[in-house]
Amino acid sequence: MRTATLGPEERATALAEMAERELDVLVVGAGVVGAGTALDAVTRGLSTGLVEARDWASGTSSRSSKLIHGGLRYLEMLDFGLVREALKERGLLLERLAPHLVKPVPFLYPLQHKGWERLYAGSGVALYDAMSFSSGHGRGLPTHRHLSRRHALRVAPALKKDALVGALQYYDAQMDDARYVATLVRTAASYGARVASRARVVGFLREGERVVGARVRDVDGAGEYEIRAKQIVNATGVWTDDTQALIGERGQFHVRASKGIHLVVPKDRIHSSTGLILRTEKSVLFVIPWGRHWIVGTTDTDWDLDKAHPAASSADIDYLLEHVNSVLSVPLTRDDVEGVYAGLRPLLAGESDATSKLSREHTVAHPVPGMVVVAGGKYTTYRVMAKDAVDEAVHGLDQRVAGCVTEDTPLLGAEGYRALWNARAGIAARTGLHVVRVEHLLNRYGALVEELLELIAADPGLGEPLGAAEDYLRAEVVYAASHEGARHLDDVLTRRTRISIETFDRGTRSAQECAELMAPVLGWDKDQIEKEVEHYRKRVEAERESQRQPDDLTADAARLGAPDIVPL
């Protein structure tokens, strides 16, 4: 299997080839479900296309809590099926499919009541572990343990002494959600899928009742393409209803958007060796280790404003700070916040008005001949959603099709990762990079690290860190544009790296350097470099302004003050 390179030439070729001959399956939307669906379809031997209006994972799939988890709170809702399914997927990802991208993470649950709470919560966590083991893929994580108050405060000294009477510690897993999706897309392309970002579906082709293709506009170029396909899969998440409207069909279910915001703060602001999970009046609050930072989130509120750029208001930020500070001995302030991001969960509308009670189950439907819709669900179970979507699409194909094989199909970078990890000291000695830097690269690219090291060998200057974001090498910016489909500066600063939320300047000090590194790969002249940098700065200004606004309406208006990305 070749390793797909997603540079500008490959994108142009993919669009042309999709328009040349009828595909078996065209997937619309390259979030985690759409990317997973493309991989599932192409590994069954189906000719497959994938188009995305913006960048890979630019919607919900880059703005999550970055957890791969069974969902402890769904146990409390007695949703055992969802938890069991998610725990099996967690184990598969950790052990087989993406060990380079998905890592164990510990969480401490402070107990606030003596006696009954330890029994109640302890029983839930014990069941969680037991369901993980019974899935056959749970042996890669330590089991939970009960801690006294004294022991808990040694593990997490940041906690107030009166905030707990004891604690439970258990393990889940985490990943960089946007990087995971980009790797999924590249894996699908490596098996032969044609993929193109910045390719927006503006209409569907019909023959009578049947949908037979899509009209796709090249957002970064000139022209429109007619891409014909025997089956189209609508995997557009919170845009599901909008996509359905293009064929005059609302569909058999309705998708509502729930906004969740997260804060990013430096590691030294919270003195703890473990993540935290806290109860709130509405849901749960996580404090998640994230490299040299913590992620604090999330909220859970209805959202019916702009879907492309959901805004975090001042009230949202205050809500998170108030709740996390209720247990911290040294409270966080606004000045501690490096980054803020907001995302929208696609929830299947139910009878309850509270978004935290809407279904996290997923649904697959065939509303009109030729089109399958998949919606709902959660990040962890994307592979199951993708399988169900392709199974449904296969019913509409007049041919025999193999079954799903993604349970045994590792993502690019997984094969050989553990051997390279064991050899990391030797790689450091060979390349002159510090071993910590090699570990950073291995946990972002796995075995694909050799491709980055080749770039550095050809141009040693690429082995230097970025001037204003030292966690990342200059080579990673070039690689994002040449191999990972990054088309704009925003793609690199926000999704291929996390500079936009991991630095107090939100990436503005890195913008010029990154744009100049991308320019030779993407053919930018000086004018385009300046446009990219100026656009990014305006985006950051608009986000900062939105975060000063008191409510969703004013925050949304402020965020929309920045124009969308300029075409190339």
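For clarity, every value in this text was computed on a predicted model and none was experimentally measured.
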Task: Beyond-backbone contact of Leu108 with Leu168, side-chain heavy atoms, under 4.5 angstrom - done: no
Task: Ser65-His262 side chain donor-acceptor pair, cut-off 3.5 Å - done: yes
Open item on the list: Is it the case that the side chains of Asn443 and His100 hold a donor-acceptor pair, with the cut-off being a distance below 3.5 Å and no angle test?
Closed with: no
Task: Lys NZ or Arg CZ of Lys259 over Tyr341 ring: under 6.0 Å, within 45° - done: no
Open item on the list: Checking side-chain polar atoms at under 3.5 Å, does Thr299 have a donor or acceptor matched by the opposite partner on Asp316?
Closed with: no
Task: Pairing of Arg63 and Asp177 as salt bridge, 4.0 angstrom limit - done: no
TODO: Answer whether the closest heavy-atom distance between the side chains of Tyr445 and Tyr417 falls below 4.5 Å.
DONE: no
Task: Test log, rule side-chain hydrogen bond (donor to acceptor under 3.5 Å, both in side chains), inputs Arg90 and His69 - done: CA-CA 6 Å; Arg90 184 189 72 177; His69 63 137; over 6 Å; no
Task: Arg424 to Trp421 six-membered ring, cation-pi geometry met (6.0 Å, 45°) - done: yes
Task: Salt-bridge criterion met for Glu451 and Arg186 (N-O under 4.0 Å) - done: yes
Open item on the list: Any non-hydrogen side-chain atom of Arg269 less than 4.5 Å from a side-chain atom of Trp294?
Closed with: no
Task: Exceeds 12 heavy-atom contacts within 6.0 angstrom, atom CD of Glu415 - done: no
Task: Ionic contact status for Arg54 with Asp491, cut-off 4.0 Å - done: no
TODO: Starting at OG1 of Thr409, measure out to CZ of Arg383 and round the result to the nearest 0.5 Å.
DONE: 9.0 Å
Open item on the list: Between Glu543 and Gln547, is there a side-chain donor-acceptor contact under 3.5 Å, judged purely by atom types and distance?
Closed with: no
Open item on the list: Between Tyr472 and Pro465, is there a side-chain heavy-atom distance shorter than 4.5 Å?
Closed with: no
- [ ] Inspect the contact between Arg559 and Glu545 and indicate whether a charged nitrogen and a carboxylate oxygen are less than 4.0 angstrom apart.
- [x] no
Task: Side-chain heavy-atom pair His293, Lys267 within 4.5 angstrom cut-off - done: no
Open item on the list: Measuring only between side-chain heavy atoms, which start at C-beta, is Ile288 closer than 4.5 Å to Lys66?
Closed with: no
Open item on the list: Regarding Glu541 and Arg506, does a basic nitrogen lie under 4.0 Å from an acidic carboxylate oxygen?
Closed with: no
Open item on the list: What verdict does the side-chain hydrogen bond (donor to acceptor under 3.5 Å, both in side chains) test give for His362 and Asp388, after you've listed the backbone C-alpha separation in whole Å, the side-chain angles of each residue and the deciding distance to 0.1 Å?
Closed with: CA-CA 10 Å; His362 68 272; Asp388 290 349; 2.8 Å; yes
Task: From Gln169, Glu117, His144, residue fulfilling side chain to side chain donor-acceptor pair (under 3.5 Å) relative to Tyr109 - done: Glu117
TODO: May I ask you to say whether Arg498 pairs ionically with Glu476, meaning some side-chain N is under 4.0 Å from a carboxylate O?
DONE: no
Task: Heavy atoms from other residues, nucleotides or ligands near NE2 of His271 exceed 12 (cutoff 6.0 Å) - done: no
- [ ] Output the distance between atom CZ (Arg444) and atom CG (Leu452), rounded to the nearest 0.5 Å.
- [x] 9.0 Å
- [ ] Would you check, one step at a time, whether the test side-chain hydrogen bond (donor to acceptor under 3.5 Å, both in side chains) holds for Arg334 with Ser314?
- [x] CA-CA 10 Å; Arg334 287 288 186 111; Ser314 180; 2.6 Å; yes
Open item on the list: Assess, by modelled atom type and distance only, whether the side chains of Arg539 and Thr494 contain a donor and an acceptor separated by less than 3.5 Å.
Closed with: yes
Task: Derivation of the ring pair (Phe, Tyr, Trp, His ring centres under 6.0 Å) call for Tyr171 and Phe107 - done: CA-CA 6 Å; Tyr171 279 77; Phe107 285 103; 8.8 Å; no
Task: From Glu502 atom CD to Ser510 atom OG, the distance as rounded to the nearest 0.5 Å - done: 11.0 Å
TODO: Kindly check if the number of other-residue, nucleotide or ligand heavy atoms within 6.0 Å of CZ (Arg292) is above 12?
DONE: no
Task: pair Ile68-Asp172: side-chain heavy atoms closer than 4.5 Å - done: no
Open item on the list: Quick check on side chain to side chain contact (heavy atoms under 4.5 Å, CB included): which of Thr301, Ile261, Asp552 does Ser313 satisfy it with?
Closed with: Asp552
